[in-house]
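Read through the structure below, which is laid out as structure tokens, and then see the notes.
Labels below follow one simple rule: chain letters A, B, ... track the order of the sequence lines, proteins then strands, and each chain is numbered from 1.
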4 protein chains.
Amino acid sequence: MGVARSRGTAVKEEAADARRNRREHLLEAAVELFATKGYAATTMRDIADASGILAGSIYHHFASKEAMLDEALRDFLVRLYERFAAAERAGDDPRETLSRLVRISFLSIHESPHAVAVYQNETGSDVLRKEAFAYVTDYGNRIEQVWLRVLTTGQMSGMVRPDFDVKVGYLFIRDAIWSAVRWYRPGGQMTPENLAEQYLGLLYKGLD
Amino acid sequence: MGVARSRGTAVKEEAADARRNRREHLLEAAVELFATKGYAATTMRDIADASGILAGSIYHHFASKEAMLDEALRDFLVRLYERFAAAERAGDDPRETLSRLVRISFLSIHESPHAVAVYQNETGSDVLRKEAFAYVTDYGNRIEQVWLRVLTTGQMSGMVRPDFDVKVGYLFIRDAIWSAVRWYRPGGQMTPENLAEQYLGLLYKGLD
Amino acid sequence: MGVARSRGTAVKEEAADARRNRREHLLEAAVELFATKGYAATTMRDIADASGILAGSIYHHFASKEAMLDEALRDFLVRLYERFAAAERAGDDPRETLSRLVRISFLSIHESPHAVAVYQNETGSDVLRKEAFAYVTDYGNRIEQVWLRVLTTGQMSGMVRPDFDVKVGYLFIRDAIWSAVRWYRPGGQMTPENLAEQYLGLLYKGLD
Amino acid sequence: MGVARSRGTAVKEEAADARRNRREHLLEAAVELFATKGYAATTMRDIADASGILAGSIYHHFASKEAMLDEALRDFLVRLYERFAAAERAGDDPRETLSRLVRISFLSIHESPHAVAVYQNETGSDVLRKEAFAYVTDYGNRIEQVWLRVLTTGQMSGMVRPDFDVKVGYLFIRDAIWSAVRWYRPGGQMTPENLAEQYLGLLYKGLD
DNA sequence: GATGAATGAGGATTCATTCAT
DNA sequence: CATGAATGAATCCTCATTCAT
């Protein structure tokens, strides 16, 4: 600061930036394609074409197609879990916590629609059954535990009616929320906050 | 019973059965694999292995991999739409009709889990975008119209609260129901009727 | 003769006729397809479809696809060679003999256009290079010898100008004649006799 | 000569050459095989074997087997038609023009025997009936028109006898010339000029 | 004699990946 | 770092042929 950086350093940083950008661009292109066409149906050439380089050159930035999937999923899941854990730690009453989980979920869809779609669509596919992707199921389970704890606590404290089946109810809730990635379009009229309010309305008040 | 069939007749019927069975078995194996691994990721060899014949032999029964997908989806969609149309024609009050749609849906998941999963997972995939599969979108739209009509009528007749957003609400409902195919296991403790009641409870009463 | 044949015999003969007919029909269908689509591109199913039976059933009449080709080519070549040999034996003056060869050729095209086309098109193909088809080249050579003898004799007797290159000239003549199979349509306005006259005119008088 | 090129330049040019050569070599190998065995009977493996690479690698240079056929035929037909059109434009007397057409034809056989053979043999085959190859028939027709115009003009100007049937005569001439590709061997004793003279002799003077 | 199911050997094409330049 | 050529395994599909019924 205040001191002029040598030209060499600037050049090097620009280069580093370019490299980082290329990498990021590649990963974004890949995830978007994975989300749109499916992981297996996306070819390295698809990714390369979308990024203006040749397929072989991708291997200078990523070890394999799998590595791209891994990086995208891991980033997304880690971030999501951290937000869920923070919401739970905040320790408000269960109803408030539940609302937060819903809002976090729709916000994640808004921020990372492609990663969410890939996670949704590839669950159960051949790739994710590989040992290297065990962490995906792992994070999925941890996130599920948060939901179940909140719902159970809510039921014990009387905020949720006793005849509500927590385990099955959770699945209905989870699926309704995450499936929104299939039709929600960031930048459209709906904000993620709107969506969350709509869904919470359905959840608390029902249809009538 | 009591009347002995001639041996020749019995043999012929067995042969006809075997033929029918082989075809059906092949189709069932295919759809299950399509549902589990995805259509594109399923190879003719996978299907053949699951049926104890060689991959090339499948082509005696089906013209192509696509033809197998077509037959499975068409059967499923036609049956589903007919049930929906019948429910709507029955003309009960909207709330009762809505309940029927929910019950029909869970029953369909129970009866044809694999077809439902394929329909869910492949929507938007390359295969279904082909002209030959235009009817899939078509039936999808017709089914969507039934839901929207019932919800709208319900809202006009005061059975659904006025601040319920029909279009978005429909999507939440649809996704929650059909996504159950991912975790519902026919033959487990849950019956499709149970499931429908659980979901209708959530829908009408909300959480509390 | 004069004695009524028993019913059983008549039935047997009808059956024998049916069998012969089926065989002949199959062979005709096969040769037409070989001529039109090429031997390799013609499938047993093509032949079966054209004959109203199933592909597997052909093997009750012919040992293999190759056997069908063999029978068709052999019949044709034997007949053609016999006619050529007879024309040469007739021993007229070379010019008359040459005219006969030309007429025989166009007549053969008229009678067996498909066999001619197959012979033309498959010469040099993989099938005909097999040992089993050595006789094809053989007959081809014998037929060539007839042409060359007639032309040489004609040149020695002064009926053909001395600067005519017999070997090359023969090839031009042969090709012009047999290639007519590609555009000549039996049953059209042109008779094989017309064609022969047209070509002989070109051959003896030239263009002017 | 005398000016040393830098090593780098030389290396680059060699590389460019290698690339061009590989593609050209592949196409040449392909066309030769198409001519010899027939398009359908030629496998990508045949082509690859003849070029010392694996079958899959061909797809780096050509989009498909069909694309190879297309490139070879198009190049040949365009060049041939241009030469014919130029000969006609030259506007000499019909006899001279006719002689030129004959010489151009034998020269084309000499230069591109394989392309000529493919054009001859595949006319009427399944591949060439595809929409993508409509231009082949197109060029064929244009070339035919040139021949017919020249012959008709020649007949009107009295250089061709009045009883010569132009339409049929053209077919005899065309077939005699182009069929030569089956037996003419470039590099043998016969030059294309010889061949043209021989054929023109037969055409103008006849046999005697 | 015909049927229809099955075989097994290809054939064109695709694609993740490697590597010399 | 990027290129582009090459690999080799895998995929869908075709087809001559066999054989039990």
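At least one side-chain nitrogen or oxygen of C:S57 sits closer than 4.0 Å to the OP1 or OP2 atom of E:dT3. B:R22 has no side-chain polar atom (N or O) that falls below the 4.0 Å cut-off from OP1 or OP2 of E:dG4. Distances shown here put every side-chain N or O of C:T43 at or beyond 4.0 Å from the OP1 or OP2 atom of F:dC15. Contact annotation: D:Y59 does not reach the phosphate of E:dT14 (side-chain N/O to OP1 or OP2, under 4.0 Å). For B:H61 and E:dA6, the shortest distance from a side-chain N or O to OP1 or OP2 is below 4.0 Å.
In a base pair of the Watson-Crick type (N1 to N3 plus N6-O4 or O6-N4) or a G-U wobble (N1-O2 and O6-N3), with each distance short of 3.5 Å, F:dC12 is matched with E:dG11. Nucleotide E:dA20 forms a Watson-Crick or G-U wobble pair with F:dT3, both donor-acceptor distances falling under 3.5 Å.
Under the 4.0 Å criterion applied to side-chain N and carboxylate O atoms, C:E122 and C:R129 are not assigned as salt-bridge partners.
In summary, of the residues considered (A:L33, A:L26, A:L73, A:V31), a side chain to side chain contact (heavy atoms under 4.5 Å, CB included) with A:M68 occurs for A:L26 alone.
Rounded to whole angstrom, the span from the CG atom of B:N21 across to the C1' atom of E:dA5 amounts to 14 Å. For C:I58 and E:dA2, the CD1 to C1' distance is 12 Å, given to the nearest whole Å. Atom-to-atom, CG of A:D126 to P of F:dA10 comes out at 14 Å; the value is rounded to the nearest Å. For the pair A:K65 NZ and E:dT17 P, the interatomic distance rounds to 8 Å; values are reported in whole Å. Whole-Å rounding puts the C:F62 CZ to F:dA16 C1' distance at 16 Å. Put simply, CZ on D:F34 is 12 Å from C1' on E:dA12, counting in whole angstrom units. In this entry the distance linking CG of C:D49 with C1' of F:dC15 reads 13 Å, nearest Å. Here the P atom of nucleotide E:dG11 and the CD atom of D:E66 are 18 Å apart, to the nearest Å.
Put simply, CG on D:L27 and NE2 on D:H114 are 11.5 Å apart, with the number rounded to the nearest 0.5 Å. Within the model, atoms OG of A:S125 and CZ of A:F133 stand 8.5 Å from one another, a figure rounded to the nearest 0.5 Å.
A perpendicular orientation is assigned to the rings of A:Y39 and A:F34, their planes being inclined by more than 60° (bins at 30° and 60°).
Of the two residues contacting DNA chain F, namely A:G56 and D:I53, the nearest-nucleotide position lying further toward the 5' end is that of A:G56. In terms of position along DNA chain E, the nucleotide closest to D:M44 lies nearer the 5' end than the nucleotide closest to the other residue of the pair A:Y39 and D:M44. Projected onto DNA chain E by closest heavy-atom contact, C:G52 and D:S64 fall at different nucleotides, the more 5' of which corresponds to C:G52.
For A:H60, counting side-chain heavy atoms from C-beta on, the closest listed nucleotide (F:dA2, F:dG4, E:dT3) is F:dA2.
At least one donor-acceptor pair under 3.5 Å links the side chain of C:D46 to the backbone N or O of C:T43.
Counting any heavy atom pair closer than 4.0 Å across all strands shown, D:L54 reaches a base atom. Heavy atoms of D:T42 sit under 4.0 angstrom from primed sugar atoms or phosphate atoms, though from no base atom.
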